[in-house]
Number of protein chains: 2
Amino acid sequence: MDAPWLSADEEQAWRAFRRLLVALPARIGRDLAHDSGLSPADYEVLSTLSEKPDRRWALKDLAAKMEWSRSRLSHHAARMQARGLIDKEPDPQDARGCILHLTDVGYRVLAEAAPHHVVSVRSRFLDQVSSDELAMLRKLSTRIADLPD
Amino acid sequence: MDAPWLSADEEQAWRAFRRLLVALPARIGRDLAHDSGLSPADYEVLSTLSEKPDRRWALKDLAAKMEWSRSRLSHHAARMQARGLIDKEPDPQDARGCILHLTDVGYRVLAEAAPHHVVSVRSRFLDQVSSDELAMLRKLSTRIADLPD
DNA sequence: GTACTTTCGTTGACATGTCACTGAGATTTC
DNA sequence: GAAATCTCAGTGACATGTCAACGAAAGTAC
């Protein structure tokens, strides 16, 4: 086939980057589970909920904010509710809706997890890149992630 | 808590990079499934197998090469075998062992998938970064991925 | 206000990956 | 060469995520 192909440089860069795409989240996720018993998904839900002053967020809005499907968040919220990390309230604005609320337990778990997680992100990622590299990576990440799906 | 925390720059860079970590594999994986009916894991197995002249690889060596657990590869190979993409042979060197072999069907599926996949990787990733950025990304990725687990 | 359409959260079936364990077969040690 | 140890592939239970449905409730058009 006279397919479009990758140059040696592109091939090696893509391979190296793919390794990073797999290894970095795996390592940070493992740290998180070890330190706090939370999955990366748990942490994302808890930390996003905690951003709102009343620790409440409509399911659909939280799903949109995290770029999750509503189905995924519905499943995950059910599991987190069973563990007491969040609870659900009816939405007074919309009888179909559902408000997720970070419980005190959830907040304490998050508060305990956060500093360990920051150490993990630092040691496994931030400490390894220069500020120039970090700035470039940020621009590049935003540019690519902002492309249409 | 007087926890170690992230600066605004670090925080934004980490957020942007996390978006990329999620979005890029998802998009390329969706393209792959749409174009070829293969998952990213399928593609990685097929393409790695195809690198050997005889299209054969011992399960443990293939798992090590791809940095997968043997359990994961065992499960995945069983599914791929059921679809006729690969088959399994006893290892003449080691009666515990298992040789995975890319079938003709698997090879054809890979050959059909590859050019589409290259287009996808190009349009969603390579075309979006300059050669300087790509070189930096490669160095940075290798440096981080090579850290101990 | 009544039908059509859209949105919301949930559900169930399914695919994938992890983990702990197993039995068969190598390898090492003495 | 027998016994202890390690390695290999496979397995089952489980957690997570996707997808296509669904019923209920809003929103829209007429």
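Note that the structure is a prediction, hence the values are computed from the model and not measured.
Annotation: side chain to side chain donor-acceptor pair (under 3.5 Å) contacts involving residues 39-48 of chain B, sequence neighbours excluded, comprise S39(B)-D42(B), D42(B)-H76(B), D42(B)-R83(B). Sequence neighbours left out, the pairs with a member in residues 137-149 of chain A that pass side chain to side chain donor-acceptor pair (under 3.5 Å) are R138(A)-Q12(B), R143(A)-E133(B), D146(A)-R19(B), D149(A)-R27(B).
What you find for G29(B) and P40(B) is that their closest heavy atoms are CA-CG, 3.9 Å.
Between R55(A) and D104(A) there is a salt bridge, with a side-chain nitrogen of the basic residue lying less than 4.0 Å from a carboxylate oxygen of the acidic one. A salt bridge does not link R108(A) with E112(A): every distance from a Lys NZ or Arg NE/NH1/NH2 to an Asp or Glu carboxylate oxygen is 4.0 Å or more. Electrostatic pairing of K52(A) and D54(A) does not count as a salt bridge here, judged by no charged N lying under 4.0 Å from a carboxylate O.
A distance of 10.5 Å separates CG of L59(A) from CG of D91(A), quoted to the nearest 0.5 Å. In this structure, CZ on F17(A) lies 5.0 Å from CG on L137(B), to the nearest 0.5 angstrom. Here the CE-OG distance, from M136(A) to S131(A), works out to 12.0 Å after rounding to the nearest 0.5 Å.
Contact check of residues 86-102 of chain B against DNA chain D (heavy atom, cut-off under 4.0 Å) returns K88(B), R96(B), G97(B), C98(B). Taken residue by residue, residues 36-63 of chain A places heavy atoms nearer than 4.0 Å to DNA chain C at L59(A), K60(A). Scanning residues 66-79 of chain B for heavy-atom distances under 4.0 Å to DNA chain D yields R70(B), S71(B), S74(B), H75(B).
Distance alone, capped at 3.5 Å, is enough to place a donor-acceptor pair between the T103(A) side chain and the G84(A) backbone.
For the pair H116(B)/H34(B), no side-chain contact is recorded, criterion being any heavy-atom separation below 4.5 Å from C-beta on. In this structure, the side chains of E67(A) and V22(B) stay at 4.5 Å or more apart for every pair of heavy atoms.
To the nearest angstrom, P of dG10(D) lies 14 Å from CE of M80(B). Here dT11(C) presents its P atom at 11 Å from CD of Q81(A), a figure rounded to the nearest Å.
No chain of hydrophobic side-chain contacts below 4.5 Å, direct or via other Ile, Leu, Val, Met, Phe, Trp or Tyr residues, connects W5(A) to V119(B).
Defining each end axis of the helix from dG1(C)-dC30(D) to dC30(C)-dG1(D) as the rotation carrying four pairs' C1' atoms onto the next four, with five pairs an end, the two axes are found to diverge by 30° to 10 degrees.
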